[in-house]
Colleague: 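What follows is a single structure, and I will ask about it in a moment.
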Amino acid sequence: MCMNDIANQLVAAGKGIMAADRPSPAFYDLLRSEGIPTDEEAYRNWSELLFLAPGLSESVSGIIMTDEQVRLTDSTGQSLIEQVIERGMIPGISPAKGLVALAGSAGETVGSGLDGLRERLHEYAALGVGFSKWRAAFQIGPGTPSYYAIEANAYVMAQMAALSQEAGIVPIVEPEVMLWGDHHIDRCFAITEWVLSRTFEALYLHRVDLEGTLVKASMVLSGNECAEQADVETVAAQTVKVFQRQIPAAIPGIVFLSGGQSDYQATARLNAMNANYELPWKLSFSYARALQREPMAIWGNRPDRAPAAQAALCHRAKMNGLASLGLWKAELEGEAVAP
Ligand code: 13P
C-alpha cells in the first residue's frame, strides 16, 4: 500500500488512532500511584486488553505501540501485532527513546533515538508496522519555547519523518504545545503558529512527502492555570484558524493528542471543529489519556474487570469517532459525563 493510502486509512471517516505507547516503566509508575499492585504480566495484560477490545476497530483505525508492545504475544502465545492487523487496524510505532535535555538550554527537551533508527524502522516495517509517531514537547513559560528548541525539535522530527518514508512507513509528527501554565489562549495560538511553521519548513527541507504524512497536534487552549478559560467554540475557532494558516492542504489528516484535557473536553472540542467548519484535511483523534483514563480505573489490574474496561474504551472511541464526523452530542454519553 502506498503511504498516501495508509495515511488516508488512518483518518478514514468516523475513525481515529489509539495511542497506547506508554513504556512499561511509566505504566508501572502509574499503576503504583493509584495503589494498584503490579506484576510482570500487568503490561502484557493491559496491552492485550486495549488491542483486542471487541469492536474497537469500528472507531479505531490504528494503534501506536512501543518497541516492547510490537513484540508481545497474548496469553496463548499468539502475536498481538498480528491480531491487530487481522482485526483491520494498522499497527504504529513510537520509535523515540524519550525526551532528553536539550544541551545548552535551560530545561527544554528534544526527542532522542535517531541513532540506529533507519535499521529499526526497516525491522518494524517487516513486522507489519504501517506508521510511526514522534513527539516534541514545548512548554510555554517566560522565554520558552526558545527559537533554539523549536528549530532543534523540528529538525529531529523531520529526520524521523524522512527515515520513516524511506522504510515505507507513514510518519506522524507531533509538535505538542503543552497545556500547563497560566498563559492566555492568544499566547498558545502564537506559539502554535510558530511551531507549526518551523515544523513544515523542516519537513520541506528534508524532502518529506506531505501526502504520506500526518500531523498529531495539540489544540489551541488556555493554559490550565489561566483565570480566563476559553469556551469550546473559541478553542475550535482558534485551532482551525492556526491550522488554516500553517498546515498545507496536502496533509491528509490532523489527529489530536489529548494532552491533559478531560475525556469530555477532548471529544466536545473535536466535535465542534468538525461540525462547524469546512476543512481541507480530516480532523480526528490520536488520544491516549482521553481514551484510556476510565478503562484503566475500571480495570485496576483485575482480570475479571477486563470486559467492562474494554466496553468503556470502545464507548470513548465511538464518541470520538462521532466527533470526527461532527455528529457527537452530549446526550450520547449516558449519565457518567462531567462537562
Ligand atoms: P495524550 O492523548 O494522553 O496526550 O497522549 C498522546 C500521545 O502522544 C501518546 O502517544
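Please read these numbers as outputs of a predicted model, since none were measured by experiment. One-based numbering, in listed order, for ligands and for the atoms of each.
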Colleague: Considering only heavy atoms of Tyr287, which atoms of ligand 1 have at least one such atom less than 4.0 Å away?
Modeller: 2 (O)
Colleague: Among all protein non-hydrogen atoms, which one is nearest to atom 3 (O) of ligand 1, and what is the separation to 0.1 Å?
Modeller: Arg289 NE, 2.6 Å
Colleague: Does the pair Arg198/Glu151 count as a salt bridge with the N-to-O cut at 4.0 Å?
Modeller: yes
Colleague: May I ask you to decide whether Arg44 forms a salt bridge with Glu41, counting only side-chain N to carboxylate O separations under 4.0 Å?
Modeller: yes
Colleague: Is the closest side-chain heavy-atom distance between Val232 and Gln265 below 4.5 Å?
Modeller: no
Colleague: Among protein heavy atoms, which sits nearest to atom 5 (O) of ligand 1, and what does the distance come to when rounded to 0.1 Å?
Modeller: Ala288 CB, 3.3 Å
Colleague: With a cutoff of 4.0 Å, is Ile64 in contact with ligand 1, counting heavy atoms of the residue only?
Modeller: no
Colleague: So is Lys133 close enough to ligand 1, meaning a heavy atom under 4.0 angstrom away?
Modeller: yes
Colleague: Under a 4.0 Å N-O cut-off, is there an ion pair linking Arg87 with Glu58?
Modeller: no
Colleague: Decide yes or no on ring-ring contact (aromatic ring centres under 6.0 Å, His included) for Phe285 and Phe256, but give the supporting numbers first.
Modeller: CA-CA 5 Å; Phe285 62 94; Phe256 287 105; over 10 Å; no
Colleague: Atom 8 (O) of ligand 1: which protein heavy atom is closest, and how many Å away?
Modeller: Glu174 OE2, 2.8 Å
Colleague: For atom 2 (O) of ligand 1, grab the closest protein heavy atom and report residue, atom and distance to one decimal in Å.
Modeller: Ser258 OG, 2.5 Å
Colleague: Under 4.0 Å from a heavy atom of Ala19: which atoms of ligand 1 are those, numbered in the order shown and with their elements?
Modeller: 9 (C), 10 (O)
Colleague: For atom 9 (C) of ligand 1, what is the nearest protein heavy atom, given as residue, atom name and distance?
Modeller: Asp21 OD1, 3.4 Å
Colleague: What protein heavy atom is closest to atom 7 (C) of ligand 1, reported as residue, atom name and distance in Å?
Modeller: Lys216 NZ, 3.2 Å
Colleague: If you look at every heavy atom in Leu203 and Ala161, which pair is closest and at what distance?
Modeller: CD2-CB, 4.0 Å
Colleague: Would Arg316 and Thr267 count as a side chain to side chain donor-acceptor pair (under 3.5 Å) here? Give the steps.
Modeller: CA-CA 9 Å; Arg316 283 261 50 83; Thr267 306; 3.0 Å; yes
Colleague: Where the side chain of Glu82 meets the backbone of Ser79, is there a donor-acceptor pair that is under 3.5 Å apart?
Modeller: no
Colleague: If hydrogens are left out, which of Ala96, Gly259, Ala290 has an atom nearest to atom 4 (O) of ligand 1, that is, the closest non-hydrogen atom?
Modeller: Gly259
